[in-house]
Each structure stands twice: as C-alpha cells, then as structure tokens.
Trainee: 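Below you'll find the structure I mean.
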Amino acid sequence: MSAAMALVLAACGSNGGGGNDGQDGASGSGAPGQVDTIKVGILPIADTVGLFICADAGFCKEAGIELDFTTQTSGPANIAALQGGSIDVGTSIIAAQLQARQQGLSLKLLAPMNYESVNNQGGPSGVLLVKDPNIKTGKDLEGKSFGVNAVGGGSDAWVMEWIAKTGGDPKKVTFTEVPIPNMTAAIEQGQIAGGQVAEPFRSQGIKNGLTAIAYSEQIQDEWPVNGLVATERWLEGNPDLAKRLVEAFAKSQAFANENSAEVRRILTQRTQLGELANDINLHYYPTKFRELDITTWKDVLNKHHNSGITEGFQDAVWEGALR
C-alpha cells in the first residue's frame, strides 16, 4: 500500500459518538457545554484538510461541534450517503451537487472547500498525470484512454474543457472510471494513458516518475473544486447547527491559507502520509461562495454532458452560507 493510499485509512475514525442525526427536525442550540456531533463524509484526498483543521485546531470545538468522519470513494457516493441518511454533511465536487439537484435531489451547498488556483501554496495540487511526457495538450490525448474517478459528471467534464481549450476533441478520448487511490498505479501499468488526481496522489505519481500537467490553470486562474453539501431536510431541521458549522469552517479555511506549516502538521497527524505531507502542494482555501463557483460548473456540464442545468447560484447555495 502506498503512503498516499493510506490517507483513506486514517481519516475514517470517529471523533465521538451520539448526537442528533438531523433527520428528526431537532436543531442544535449551541448552548454552553453542549456538543453536537455532525457525521461528515469525506474523500480520500488532501482537499479535506479544512475539515481536519476545524476539528483539530479548535474552531469546531468553539462552536460546540464535533465531527465524525467517514471516508467515501467519490462525491456521488457522498451524495448517496446523504440521501440515505448515513451522514449529515458530505464533501463533493460542486458539479455533482448541481447534477443531483437537476435530477430532483434536494441538496444545498454550505461552503466552498478549495480552488485549484494560481494562488495555490507551492503550485498546482490537482493535475493530470501521464506516463508519456510527450503528452502535453488535449490534442495529444486523442485516441487514448484517460482515468477519472467518476464518468459522466464533473471530473470528466473538467478534463474535457481542458482538452477542448488545448486543441483536442473530447469525443476522441475514452474516459475510464478508476478509484482515486488506484489511479497512479493504473497509469504506471499502462492501463490508461493518464488520469486526473489531487494531492497527495500528485506527489506520489511524480515520485514514481509520472509527469504532471497543471490543466486547471490553463483554463482559468481559479477553478472551484469541492464543497460541503447537505440535504435541505437536514438544514431545515438544524439551521443553527449548520450556521455554526459554516462559520467555524470559514475560520479553518482562513487559518489554512495563513498557516501552511500547521496544515502540514495536521495532515501528518490525521493521515499516514509521513514526509509526503511536507512536500505536497496545498490548495487555496476560500471562505465564501462566488457566483462564478456555480456558473463555471453549470457551463461545462451543459457544454460537455448536455446536462440541461438551469438553476443558478441562489438555487444551489444554502441561504445561510457565507457569500
């Protein structure tokens, strides 16, 4: 098992038990001494660090919140868990939430988690990894198989936009669904020509001789990636608790942007990355939603998947979110 893959293991543990599951309409009051547990579904990537900081640096504790983490394989898996009620809040690529709403699921975004940005700490975090260093543009990918963690959603639409922007035809690339922890091995073994990854898998792949392409920055300066998502039912039953989480999470995001050494220390504690935690590139961590966070995804989903999304910012983002 690689050091990067071990991130899946360490993030699975619970921070506590009990608490309201949010399905009975009861709202956390935030009374002195009261602690409300929120069950959170996360992905096995370093993008989750804002939640780890909230749990470990005291921001959630100050808000009377304890986070109970469960690791999922993808944003759609988190959305399924939200609908089933096994988690209260999930992390998901923003595109998956927009598609879920288009399909009639009542989900709202609570907070943005990260941008792939020219302001990233150290450089790109989300990249395309390829085995052949001669692959540099979307045109070079034509006729090849490319790995993403979920086909038919934001992951491949994001790559399709880069392919089109760099002279290629997305319809001439075959997209293959590969679990995030298995992506670098699939590329190294030649099963796919390349794959879409985020840290720590970027650093692991480069360490193993793969080439990274900073594709997002070739499309636009800042690309919104993941967000915190909850069902409207949970939000209606827990408005105060949700608001406390949003505000505590915003503090943790601001902290992450200003304290990279502490971010790396928390990643080392929360994961089994070891020294790799000191080398990975850190994202830019936004504290408020922008309309561009929604329109960016709406446009690429409609363009590349004919998703027919008509809803906008006010529909997708919870009214209590910071904006």
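Numbers here simply count residues along the sequence, with the first being 1. Because only heavy atoms are used, hydrogens play no part in the values below, and waters and symmetry mates are left out as well, while side chains stay in.
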Trainee: So which pairs with a foot in residues 247-282 pass ring pair (Phe, Tyr, Trp, His ring centres under 6.0 Å), sequence neighbours left out?
Mentor: F59-F255

Trainee: Is the shortest side-chain N to carboxylate O distance from K243 to D240 below 4.0 Å?
Mentor: no

Trainee: Do the side chains of Q269 and F52 get nearer than 4.5 Å, heavy atoms only?
Mentor: no

Trainee: With a 3.5 Å distance limit and no angle check, can you tell me whether R202 reaches the backbone of G126 through a side-chain donor-acceptor pair?
Mentor: no

Trainee: Rounded to the nearest 0.5 Å, what separates atom CG in L128 from atom CG in L141?
Mentor: 7.5 Å

Trainee: Answer yes when E236 and R233 have at least one side-chain N-carboxylate O distance shorter than 4.0 Å, and no when they do not.
Mentor: no

Trainee: Applying the side-chain contact (heavy atoms from CB on, under 4.5 Å) criterion to P224, which one of I94, L292, I294, T295 satisfies it?
Mentor: I94

Trainee: Mark yes or no for whether Q99, through its side chain, and S307, through its backbone, hold a donor-acceptor pair below 3.5 Å.
Mentor: no

Trainee: Between R244 and E247, does at least one N-O distance fall below 4.0 Å, as a salt bridge requires?
Mentor: no

Trainee: Do the side chain of D221 and the main chain of V118 share a donor and acceptor less than 3.5 angstrom apart?
Mentor: no

Trainee: If you look only at pairs with a residue in residues 101-132, which of them pass as a disulfide bond (SG atoms under 2.5 Å apart), with sequence neighbours excluded?
Mentor: none

Trainee: If I take atom CG from residue L109 and atom CG from residue D315, how far apart are they, to the nearest 0.5 angstrom?
Mentor: 11.5 Å

Trainee: If you measure from OG1 on T48 to CG on L228, what distance do you get to the nearest 0.5 Å?
Mentor: 9.5 Å

Trainee: Hey, is the main chain of A256 close enough, under 3.5 Å, to the side chain of E262 for a donor-acceptor pair?
Mentor: no

Trainee: Under 4.0 Å between a side-chain nitrogen and a carboxylate oxygen: does that hold for E232 and R101?
Mentor: yes

Trainee: Other than Y284, which residues form its hydrophobic cluster under the rule that side-chain heavy atoms must be closer than 4.5 Å?
Mentor: Y115

Trainee: Are a donor atom and an acceptor atom from the side chains of N149 and S155 found within less than 3.5 Å of each other?
Mentor: yes

Trainee: Among residues two or more places apart or on two chains, list those pairs meeting disulfide bond (SG atoms under 2.5 Å apart) that have a residue in residues 59-123.
Mentor: C54-C60

Trainee: Mind listing the side-chain donor-acceptor pairs of residues 211-218 below 3.5 Å, one per line with the distance, residues two or more places apart or on another chain?
Mentor:
| from | atom 1 | to | atom 2 | distance (Å) |
| --- | --- | --- | --- | --- |
| Y215 | OH | Q196 | NE2 | 2.9 |
| S216 | OG | W158 | NE1 | 3.1 |
| Q218 | OE1 | W162 | NE1 | 2.8 |

Trainee: Give a yes-or-no answer on whether the side chains of H305 and D156 include a donor-acceptor pair shorter than 3.5 Å.
Mentor: yes

Trainee: About how many Å separate CD1 of I206 and OG1 of T184, when rounded to the nearest 0.5 Å?
Mentor: 11.5 Å

Trainee: Passes side chain to side chain donor-acceptor pair (under 3.5 Å), D140 versus T137? Steps please.
Mentor: CA-CA 5 Å; D140 299 329; T137 68; 3.2 Å; yes

Trainee: What verdict does the side-chain contact (heavy atoms from CB on, under 4.5 Å) test give for D47 and T91, after you've listed the backbone C-alpha separation in whole Å, the side-chain angles of each residue and the deciding distance to 0.1 Å?
Mentor: CA-CA 9 Å; D47 301 19; T91 63; over 6 Å; no

Trainee: Please give me the minimum heavy-atom distance between R323 and E319, naming the atom from each residue.
Mentor: NH2-CA, 3.3 Å

Trainee: Given Q121, which of I280, N257, N281, V263 fulfils the side-chain contact (heavy atoms from CB on, under 4.5 Å) condition?
Mentor: N257

Trainee: If you count heavy atoms of other groups shown closer than 6.0 angstrom to NZ of K61, is the number above 12?
Mentor: no

Trainee: Could you walk me through whether L67 and L245 pass the side-chain contact (heavy atoms from CB on, under 4.5 Å) test, one step at a time?
Mentor: CA-CA 10 Å; L67 301 181; L245 174 62; 4.2 Å; yes

Trainee: Who are the side chain to side chain contact (heavy atoms under 4.5 Å, CB included) partners of K171, not counting sequence neighbours?
Mentor: D169

Trainee: Within the structure provided, determine whether E222 and N119 are in side-chain contact (heavy-atom separation under 4.5 Å).
Mentor: yes

Trainee: Would you indicate whether the side-chain heavy atoms of L235 and L110 approach each other to under 4.5 Å?
Mentor: yes

